[in-house]
Every structure is written in structure tokens, then in C-alpha cells.
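Scroll down for the structure; my scribbles are underneath it.
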Amino acid sequence: MPELPEVETIARGVHERVHGDFIDKVWFGKHPQPFKTPATRQSRGLEGRVLLAVHRTGKHIVCELGPASKPNRPGDTRPCNQPEQQPEAQWIVHLGMTGRLLVTTPESPVATHTHARLSLASGRELRFVDPRRFGRLEFRDLRRDAAFHAAGEEPLTIQSKPFAALFHGRRMPIKAALLNQKLLSGVGNIYADESLFHAGIRPRKLAGRLTKAELERLRLALREVLQHAIRLGGSSVSDYVDAAGVRGFFQLEHCVYMRTGLPCRSCDTPIQRILLAGRGTHYCPKCQR
DNA sequence: CATTTCACCTGGTGGC
DNA sequence: TGCCACCAGGTGAAAT
């Protein structure tokens, strides 16, 4: 489900609702898959800590956690945020294909495939729901572990030269390279297809064969498409919702993704679907060369 | 080493 | 209605 714009939307929504809050009690479901290491299942690391901030890097949501401490007095449900405070730990959430991170009330019905529930001092609850269990949860104690860093470059901020260098000499199709998180972090199947359409480049074209002009068109198309999608709250293809359960609107602006056989928005040629890197790949045979 | 394929999961859809 | 094949926003291990 979630690529960069969806993860950004969720991280912002979660941050707005929970920063400054305290984690009172933690519940984990019985399936081990969502936990990157078995130790992550121990709630001890999370309980009592203050949620300093929540942000996105690549497709990962990073919750910065302060030291374990309690609100000053009982009923002090929303303690002052202390942004200056140094994080002592991180809770990293990867949503896989079907993961959701939701801020709810404790009374709100618990969806099937809920794998984690964090009760917060304010009375809210932070829930991780993931039917396919491709998502992952990880706890990092920063006194012991290094802070989390996405493997690849941020597509929103990368400059021309380093962008071109990522693809130099590569013999894989450009679409496969865009999906490789070690090169760029955050681009998935939807935004790879959409940005290649806007750049006028065939998904099968070998990455190392792109001209300087094509590389620059691609870099700018990626940035525009991702920024526009963030403004619209991401793409809700089937069931994606943000931290508050609200759908995105960018799916209404898709030009090729899941538009097989429909007329190209630019030239009316039917959109083609092929299989590339094991993924459904959509493009306009006339607009993309 | 670089690149491709496949397994990991559940659920929705469409054909028969 | 039931059964079944196929498809889906991702990733990393195994194979080539």
C-alpha cells in the first residue's frame, strides 16, 4: 500500500496527534512476523517513554522516544512537548503492502490483524494493523544501537549529479532501478510508473542508457509527482487510509497505474500493462519511448 | 559482483 | 453460492 507519499501523510498525522504523549501500556499480538527481532516484542523498551516526534525516512516511519518518565500529576494528560530533548530510543514502523498505523480511541473496534496497541497517557491509542504481515516493527535503544537511516537517497531532495550517478552503468530496466531502495528510498510501484510516464520514458529502457536530459526529466517528474501526491494525502488504491482513517485522493490523478486498456490522458492510446521485475507495469506506448 | 526470481501472507475480484 | 486462479502499495534471500 504505502509508498513515500502515503508514509509521509501517515507520519505527519501520527506526529500531530501523539507528539508529547506518553506510552502507558503496550500490547503485541501473537504473530512473530511483524517483529524484526524477537526482542522487539518485549514491551519494556516502549512503556513509560515520551513520544518526542514521528517522522518519515524512505518508506519507514520513525518514532523518536525520550526517556521513561511520567506526567507531572495524575490527569495531566497532555504534558508539554519537549522538542529539545534528545531521543534515547526509536520505534521504527515499516508498513509493507497492507500495513496501517492508526490513532484511535481505546473504545474504537479492534480491526482483525491488529498486531500492536500502544495505550497513551492522553487516552488515545496507537495501533498497527497489517493483514498480510509484510510490515515490520523494530525497537532501537540508541545507547546500544545506531540511529536508523534509510539505505538510499531521498527522491524529494536529491540533486542532478548524484541522481545521475545512481543509474550510471546499470544494466537493469529503469523501472527496476527506481524500485531498488538502496538507490532511492521511498519509490514504489505506483510512483515509479507515474513518474516514468511524466518523464516520457519506457519502463524497460536500461537505466544506464538514459540520456542526461532524460535523467533530469525523471528526477523532476519524480519530485513533482511525489509532492503532488503528498498534497492530496497519497493514493487510495484499495484500502489505504492515513493515521485518522481518511483516504487519499491522488488515485484520481493517476495517468497509467492500474489504467490498463484505458485511453492515455495525453494522446488517447490505450495504456499497456507488462510484467517487469515481477511487478505489474503500466505505460503509454506512444508517450513513453 | 550485478541482476532476476521467488517466497512470504491475506483478501478481493472475476471466470466458470 | 462455491471453487479456483490470479492479482495487489514491498522486501530480502536464493538462484542465475
Side-chain angles (χ1 to χ4, degrees), chain A residues 1-11 29-37 56-61 92-102 111-115 128-138 148 150-152 155 165-196 203-209 222 225-226 229-230 232-243 246-261 273-282:
Chain A
M1 144 197 339
E3 304 180 30
L4 187 153
E6 291 77 31
V7 178
E8 177 71 29
T9 303
I10 292 166
K30 62 176 188 290
H31 287 110
Q33 289 100 322
F35 299 90
K36 200 166 171 183
T37 57
R56 173 199 66 81
T57 171
K59 292 177 190 170
H60 296 261
I61 300 166
I92 298 133
V93 179
H94 192 287
L95 298 169
M97 291 270 262
T98 53
R100 300 183 185 191
L101 196 61
L102 297 166
T112 43
H113 310 295
T114 298
H115 304 297
F128 174 69
V129 182
D130 183 15
R132 289 177 75 177
R133 277 180 266 141
F134 288 173
R136 292 291 179 265
L137 302 174
E138 184 186 358
F148 179 82
L166 291 178
F167 304 106
H168 182 77
R170 302 215 169 256
R171 302 207 164 272
M172 57 170 75
I174 184 61
K175 159 98 185 242
L178 287 175
L179 294 178
N180 183 344
Q181 301 298 296
K182 290 185 176 147
L183 302 178
L184 288 173
S185 294
V187 182
N189 209 33
I190 296 175
Y191 299 101
D193 282 3
E194 291 298 315
S195 57
L196 284 169
R204 273 209 235 262
K205 181 150 187 174
L206 296 188
R209 290 266 174 89
L222 259 174
V225 164
L226 293 170
I230 291 169
L232 295 188
S235 301
S236 288
V237 171
S238 62
D239 61 356
Y240 159 77
V241 289
D242 70 9
V246 177
R247 289 167 60 83
F249 291 95
F250 191 69
Q251 69 279 8
L252 303 174
E253 316 228 348
H254 289 174
C255 291
V256 288
Y257 181 76
M258 290 292 254
R259 296 193 71 247
T260 312
R273 180 187 187 275
I274 58 171
L275 207 59
L276 201 161
R279 318 296 302 278
T281 296
H282 316 75

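Letters go in sequence order (proteins before strands), and every chain restarts at 1.
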> Does the side chain of A/Y240 come under 3.5 Å of the side chain of A/E3 through a donor N or O and an acceptor N or O?
Replying inline: no
>> One pair to check against side-chain contact (heavy atoms from CB on, under 4.5 Å): A/I61 and A/R56. What are the steps and the verdict?
In response: CA-CA 5 Å; A/I61 300 166; A/R56 173 199 66 81; 5.6 Å; no
>> Can you tell me if A/H113 touches the phosphate of B/dG11, counting only side-chain N or O atoms and a distance under 4.0 Å to OP1 or OP2?
In response: yes
> Rounded to the Å, how far apart are A/L179 CG and C/dA8 P?
Replying inline: 13 Å
>> Rounded to whole Å, how long is the line connecting atom OH of A/Y240 with atom C1' of C/dG10?
In response: 16 Å
>> Side chains of A/D130 and A/H115 only: does a donor on one sit below 3.5 Å from an acceptor on the other?
In response: no
> A/R171 CZ to B/dC1 P: how many Å, rounded?
Replying inline: 18 Å
>> Looking at A/Q33, I'd like to know whether one of its side-chain N or O atoms comes within less than 4.0 Å of OP1 or OP2 on B/dC9.
In response: yes
> Reckon A/R136 touches a base, only the sugar-phosphate, or nothing at all at heavy-atom distances under 4.0 Å?
Replying inline: nothing
> Are any of the side-chain heavy atoms of A/F250 and A/V225 separated by less than 4.5 Å?
Replying inline: yes
> For A/R273 and C/dA8, is the shortest distance between a side-chain N/O and OP1 or OP2 below 4.0 Å?
Replying inline: yes
>> Without decimals, in angstroms, what is the distance between A/M258 CE and C/dA8 P?
In response: 6 Å
>> Rounded to whole Å, please give me the gap between NE2 in A/H168 and P in B/dA2.
In response: 13 Å
>> With a 4.0 Å cutoff (strictly under), does any side-chain N or O of A/Q181 reach OP1 or OP2 of C/dT11?
In response: yes
> If we call it a pair only when both distances are under 3.5 Å in a Watson-Crick or G-U wobble match, what pairs with C/dC4?
Replying inline: B/dG14
> Does A/R279 make a side-chain N or O approach to OP1 or OP2 of C/dA8 shorter than 4.0 Å?
Replying inline: no
>> C/dT11, OP1 or OP2 - any side-chain N/O from A/K59 closer than 4.0 Å?
In response: yes
>> Which heavy atom of A/V256 sits nearest to which heavy atom of A/E194, and what is that distance?
In response: N-OE2, 3.0 Å
> Rounding to the closest angstrom, what is the interatomic distance between C/dC6 and B/dC6 at atom P?
Replying inline: 14 Å
> Taking CG from A/N189 and P from C/dT11, how many angstroms apart are they, rounded to a whole number?
Replying inline: 11 Å
>> Suppose you measure atom P in C/dA14 against the same atom in B/dC9; what distance do you get, rounded to whole Å?
In response: 15 Å
> Starting at CG of A/L206 and ending at C1' of B/dT4, how long is that distance when rounded to a whole Å?
Replying inline: 14 Å
>> Using whole Å, what does the distance between atom P of nucleotide B/dC9 and atom CZ of A/R100 come to?
In response: 21 Å
> Counting just side-chain N and O atoms, does A/H94 come under 4.0 Å of either OP1 or OP2 of C/dT11?
Replying inline: yes
> What does A/F250 touch in the nucleic acid at a heavy-atom separation under 4.0 angstrom: a base, only the sugar-phosphate, or nothing?
Replying inline: nothing
> B/dC8 phosphate, OP1 or OP2: any side-chain N/O from A/R132 under 4.0 angstrom?
Replying inline: no
> How would you label the contact of A/T260 with the nucleic acid (heavy atoms, under 4.0 Å): base, sugar-phosphate, or nothing?
Replying inline: nothing
>> Applying the 5.5 Å / 30° rule, does A/F134 stack onto the base of C/dT11?
In response: no
> Which part of the nucleic acid, if any, lies within reach of A/G278 when heavy atoms closer than 4.0 Å are counted: base, sugar-phosphate only, or nothing?
Replying inline: nothing
> Is any side-chain N or O of A/R170 closer than 4.0 Å to OP1 or OP2 of B/dA2?
Replying inline: no
> Would you call the rings of A/H60 and A/F148 parallel, tilted or perpendicular, where under 30° means parallel and over 60° means perpendicular?
Replying inline: tilted
